[in-house]
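For clarity, every value in this text was computed on a predicted model and none was experimentally measured. Note: hydrogens, waters and symmetry copies are ignored here, and every other heavy atom, side chains too, is used.
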Amino acid sequence: MYDENKYAIQYFMPKNPTYNWVKKDHIEKAPIWCSVDLRDGNQALIEPMSLEEKLDFFRMLVDIGFKEIEIGFPAASETEYKFARTLIEKKMVPDDVTLQVLTQARDHIIRKTFEAVEGAPRAIIHLYNSTSVAQREQVFKKNKEDIKQIAIDGAKLLKKLADETKGNFSFEYSPESFPGTEVEYAVDVCNAVLDVWQPKEENKVIINIPTTVENAMPHVFATQVEYISNSLKYRNAVTLSLHPHNDRGCGISDAELGMLAGADRIEGTLFGNGERTGNVDIVTLAMNMFTHGVDSKLDFSHINEIGSIYEKLTRMEIPARQPYAGQLVFTAFSGSHQDAIAKGFAWRKSHMDRPWSVPYLPVDPKDLGREYDGDVIRINSQSGKGGVSFILKQNYGLQIPKTMQEDVGYTVKGISDREHSELSPERVYHIFEDKYVHNDGVFTIKECHFEQIDGILVKATISRNGKDVIVAANGNGRLDAVSNAIKSYFDISYELTTYEEHALSHGSSSKACTYVGITANGKHYWGVGIDEDIITSSINALIVAVNQLEAIRDNRNDKDQRITEIVNYIQENYLSVTLDDLSREFFLSKPYLSKYIKEKSGATFSENVQKIRLKKACTLLRNGNMKVEKVAENVGYPSVEHFNRQFKKKYEMTPVQYRNSKR
């Protein structure tokens with residue numbers, strides 16, 4: 001029966017609590033760290049580590065920077081005992097590392113423990129017995145004085161055997177099951193143990209407060225710790241340690257608030273391994289300090305490697321959302337988050353002297369050995385334009401224009417949505433390449449030849465359906481001339497709205513990357529060209545963009561090659577060409593030729609000539625300060641008044657107004 005009335009608060013607040021810890025807002029220095037992975041963590045594994053695995057784990061802990069390592073419960077099994085002897089006899093313990101072993105307050109277990117650590121250069125003997133109301137009533141069936149006497153007798157035996165056993169030993173005591181113990185009674189037991197050990201400031205002992213089964217909110221535990229810190233005898237000779245568990249999911253908070261309340265030392269495990277819901281995660285604790293500018297004294301700059309070794313040796317899996325270490329903890333799929341992160345990285349490049357503050361990233365992933373592309377911004381159907389563009393820039397050097405990013409983002413997101421899957425950086429690039437770089441369309445341009453005549457004259461070889469046609473056109477520049485050739489040949493209209501370029505790499509092997517955007521009927525189309533030659537890359541980008549036009553895709557019929565040749569002839573001789581000239585050149589009668597041009601091009605001979613002349617005039621007006629009279633003369637209009645009338649009729653503005661609008 002799901003009934004909350006069967007439960008009640010099991011913890012005990014101090015009778016005279018103080019709350020000085022509340023006045024502190026951050027931890028100022030790292031505690032003494034003690035890893036209990038090889039004892040508390042190992043005993044929680046379905047398959048405990050072998051001797052060789054424990055040795056490998058020990059080496060990893062030393063590399064991370066732990067100076068105190070609890071290596072096991074030597075009296076519990078032969079493997080635990082042999083592990084301790086191996087470390088000592090093979091002199092595998094660095095000079096600055098202290099071993100720690102755990103023992104119950106029972107005579108034969110204490111004696112077996114000292115046998116295991118005989119000859120240790122430095123070892124902490126960790127003594128414990130349970131003190132909670134539940135343990136006293138249900139397990140031991142003893143009163144408070146009896147339980148306290150167990151701790152006192154154990155402390156006395158530790159002191160005696162330390163004097164009799166070769167090695168360098170110090171002591172630690174834990175009132176196990178502290179969360180269910182009256183705080184004043186826990187202090188009474190701890191002080192009784194301290195009276196036995198008589199610690200000195202130069203030879204400190206450890207009093208360790210475990211949240212064996214976490215049963216209170218973190219602020220309660222902090223208040224208990226502050227009371228203990230203020231009530232222990234020999235306080236200057238005592239290192240106050242905490243051993244938080246995570247039954248209520250508050251292990252980190254217990255440890256952090258406990259340090260504010262006076263704790264000097266933390267026992268915990270990597271990634272929070274331990275019985276039931278685990279111990280406090282030292283990785284998270286240390287990295288939390290790191291992000292506040294505090295040196296944790298532990299090195300997690302290669303967190304993926306540490307995680308791999310941990311998973312291999314423990315056969316446990318690090319959750320994907322595990323703080324700092326999980327696969328997805330720095331990952332942004334949300335479009336708005338990706339955009340903010342990408343902008344944050346860009347801002348930071350010019351503000352490296354400022355503290356780290358990139359949106360949505362509490363720590364620089366690179367400080368943990370993580371990567372920005374695979375770890376931070378990943379692509380699925382929720383991703384945005386900023387995230388997709390960041391991936392392409394970070395991995396492939398593509399600097400997508402802002403005006404193009406939305407189109408690219410929707411293209412990639414659409415595929416992810418249809419496939420119901422996350423897209424790797426490689427897949428994102430291939431999607432980009434297929435649509436914007438190598439998008440096979442209706443036509444290609446095999447080659448272009450340019451001349452500087454009234455701007456730029458191009459003769460472009462347009463290839464469609466296996467046939468090549470040379471088309472001539474003028475333009476303001478090379479790309480404009482090619483664009484005009486395409487418009488003329490396919491009889492289509494669009495506006496060239498965006499042109500951006502950058503180098504893809506440095507040195508002799510660098511390539512030009514060009515982005516071209518065009519607009520037709522209110523829609524935007526994009527193409528990208530990549531080539532050693534910037535003109536070629538520009539033309540290729542334009543071809544891809546134009547090939548996406550609906551007018552092009554619907555225009556599959558081959559154009560009559562003769563009309564193309566006629567238009568090219570007019571283009572090249574627009575200043576003086578007449579119907580007589582065309583009749584002689586193409587061996588056609590003037591009446592037939594006049595009808596043919598109108599039928600095939602949609603305009604009369606005179607209209608075609610005027611169209612070319614006015615385009616030339618636009619080029620001259622955009623480039624330089626040539627007087628309108630001179631422009632008219634240069635494009636074949638003897639009368640400037642007639643030129644002005646024709647120009648205004650075509651463009652709905654005078655030549656002067658046109659020039660001003662383009663500046």
Exercise: do [X] and [Y] side chains pair donor with acceptor under 3.5 Å:
{"X": "Thr277", "Y": "Asn246", "answer": "no"}
{"X": "Tyr234", "Y": "Asp195", "answer": "yes"}
{"X": "Asn230", "Y": "Glu226", "answer": "no"}
{"X": "Thr98", "Y": "Glu68", "answer": "no"}
{"X": "Asp299", "Y": "Ser301", "answer": "yes"}

Residues in salt bridge (charged side-chain N to carboxylate O under 4.0 Å, His left out) contact with [X], at least two apart in sequence or another chain:
{"X": "Lys67", "answer": "Asp96"}
{"X": "Lys200", "answer": "none"}
{"X": "Asp353", "answer": "none"}
{"X": "Asp188", "answer": "Lys148"}

Take atom [atom1] of [X] as the centre, draw a 6.0 Å sphere, and report whether it contains more than 12 heavy atoms from other residues, nucleotides or ligands.
{"X": "Asp95", "atom1": "CG", "result": "no"}
{"X": "Lys156", "atom1": "NZ", "result": "no"}
{"X": "Arg106", "atom1": "CZ", "result": "no"}
{"X": "Met217", "atom1": "CE", "result": "no"}
{"X": "Glu311", "atom1": "CD", "result": "yes"}

Measure the shortest side-chain to side-chain distance between [X] and [Y] over non-hydrogen atoms and say whether it is less than 4.5 angstrom.
{"X": "Ile32", "Y": "Lys297", "value": "no"}
{"X": "Leu127", "Y": "Leu157", "value": "no"}
{"X": "Leu232", "Y": "Asn191", "value": "yes"}
{"X": "Leu55", "Y": "Leu87", "value": "yes"}
{"X": "Ile206", "Y": "Lys204", "value": "no"}
{"X": "Ser170", "Y": "Ile124", "value": "yes"}
{"X": "Phe66", "Y": "Leu298", "value": "yes"}
{"X": "Tyr227", "Y": "Thr18", "value": "no"}

Heavy atoms only: give me the nearest [X]-[Y] pair and the separation to one decimal.
{"X": "Gly154", "Y": "Ala105", "answer": "CA-CB, 4.5 Å"}
{"X": "Ala237", "Y": "Glu201", "answer": "CB-N, 3.6 Å"}
{"X": "Glu115", "Y": "Arg85", "answer": "O-NH1, 3.7 Å"}
{"X": "Asn129", "Y": "Ala151", "answer": "OD1-CB, 3.5 Å"}
{"X": "Cys190", "Y": "Ile207", "answer": "SG-CG2, 3.7 Å"}
{"X": "Pro210", "Y": "Asn208", "answer": "CD-O, 3.3 Å"}

Give, for atom [atom1] of [X] and atom [atom2] of [Y], the distance between the pair rounded to the nearest 0.5 Å.
{"X": "Ile27", "Y": "Met259", "atom1": "CD1", "atom2": "CE", "value": "3.5 Å"}
{"X": "Ile266", "Y": "Ser35", "atom1": "CD1", "atom2": "OG", "value": "13.0 Å"}
{"X": "Ile309", "Y": "Thr314", "atom1": "CD1", "atom2": "OG1", "value": "11.5 Å"}
{"X": "Phe140", "Y": "Ser132", "atom1": "CZ", "atom2": "OG", "value": "8.5 Å"}
{"X": "Ile71", "Y": "Leu102", "atom1": "CD1", "atom2": "CG", "value": "11.5 Å"}

Next item on the list: Would you sort out whether Asn42 and Asp37 count as a side-chain contact (heavy atoms from CB on, under 4.5 Å), showing the intermediate values?
Entry: CA-CA 6 Å; Asn42 187 57; Asp37 290 90; over 6 Å; no

Note to self: Test: ring-ring contact (aromatic ring centres under 6.0 Å, His included). Region: residues 169-200. Which pairs qualify, not counting sequence neighbours?
What the structure shows: Phe114-Phe169, Phe171-Trp197

Note to self: If the test is salt bridge (Lys or Arg N to Asp or Glu O under 4.0 Å), which one of Glu267, Glu70, Glu275 qualifies with Arg39?
What the structure shows: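 Running salt bridge (Lys or Arg N to Asp or Glu O under 4.0 Å) over Glu267, Glu70, Glu275 with Arg39 returns exactly one hit, Glu70.
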
Checklist line | Chi angles and distances behind the side-chain contact (heavy atoms from CB on, under 4.5 Å) call for Phe221, Leu257 | finding: CA-CA 8 Å; Phe221 183 63; Leu257 299 188; over 6 Å; no

Next item on the list: Kindly write out the residues that satisfy side-chain hydrogen bond (donor to acceptor under 3.5 Å, both in side chains) with Ser229, not counting sequence neighbours, or none if the list is empty.
Entry: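 Arg235.
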
Margin query: Glu164: which residues meet the side-chain contact (heavy atoms from CB on, under 4.5 Å) condition with it, sequence neighbours left out?
Written below: Lys160, Leu161

Notebook entry, point to check: Under the side-chain contact (heavy atoms from CB on, under 4.5 Å) test, which residues partner Glu47, sequence neighbours left out?
Noted result: Arg315

Next item on the list: Output, in order, the C-alpha distance, side-chain angles, deciding distance and verdict of side-chain contact (heavy atoms from CB on, under 4.5 Å) for Phe330 and Leu368.
Entry: CA-CA 11 Å; Phe330 297 120; Leu368 289 153; 3.5 Å; yes

Margin query: Quick one: does any side-chain atom of Gln327 pair with a main-chain N or O of Ala320 as donor and acceptor, under 3.5 Å?
Written below: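 No, Gln327 side chain to Ala320 backbone: no donor-acceptor pair under 3.5 Å.
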
Notebook entry, point to check: With no hydrogens and no angle check, is any side-chain donor or acceptor of Gln104 less than 3.5 Å from a backbone partner on Ile109?
Noted result: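 No; judged by distance alone, with no hydrogens or angles, the pair does not exist.
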
Using ring pair (Phe, Tyr, Trp, His ring centres under 6.0 Å) as the criterion, list what pairs up with [X], not counting sequence neighbours.
{"X": "His245", "result": "His243"}
{"X": "Tyr310", "result": "Phe271"}
{"X": "His108", "result": "none"}

Margin query: Which label fits Tyr128 and His126: parallel for a plane angle under 30°, tilted from 30 to 60°, or perpendicular past 60°?
Written below: perpendicular

Notebook entry, point to check: What's the verdict on side-chain contact (heavy atoms from CB on, under 4.5 Å) for Tyr324 and Phe300, showing C-alpha distance, side-chain angles and the deciding distance?
Noted result: CA-CA 10 Å; Tyr324 300 105; Phe300 293 112; over 6 Å; no

Next item on the list: Output yes when Arg59 and Asp63 qualify as a salt bridge under the 4.0 Å nitrogen-oxygen rule, no when they do not.
Entry: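 So Arg59 does not pair with Asp63 through a salt bridge.
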
Next item on the list: Mind jotting down which residue pairs meet the side chain to side chain donor-acceptor pair (under 3.5 Å) criterion with at least one end in residues 212-224? Sequence neighbours excluded, please.
Entry: Trp21-Thr223

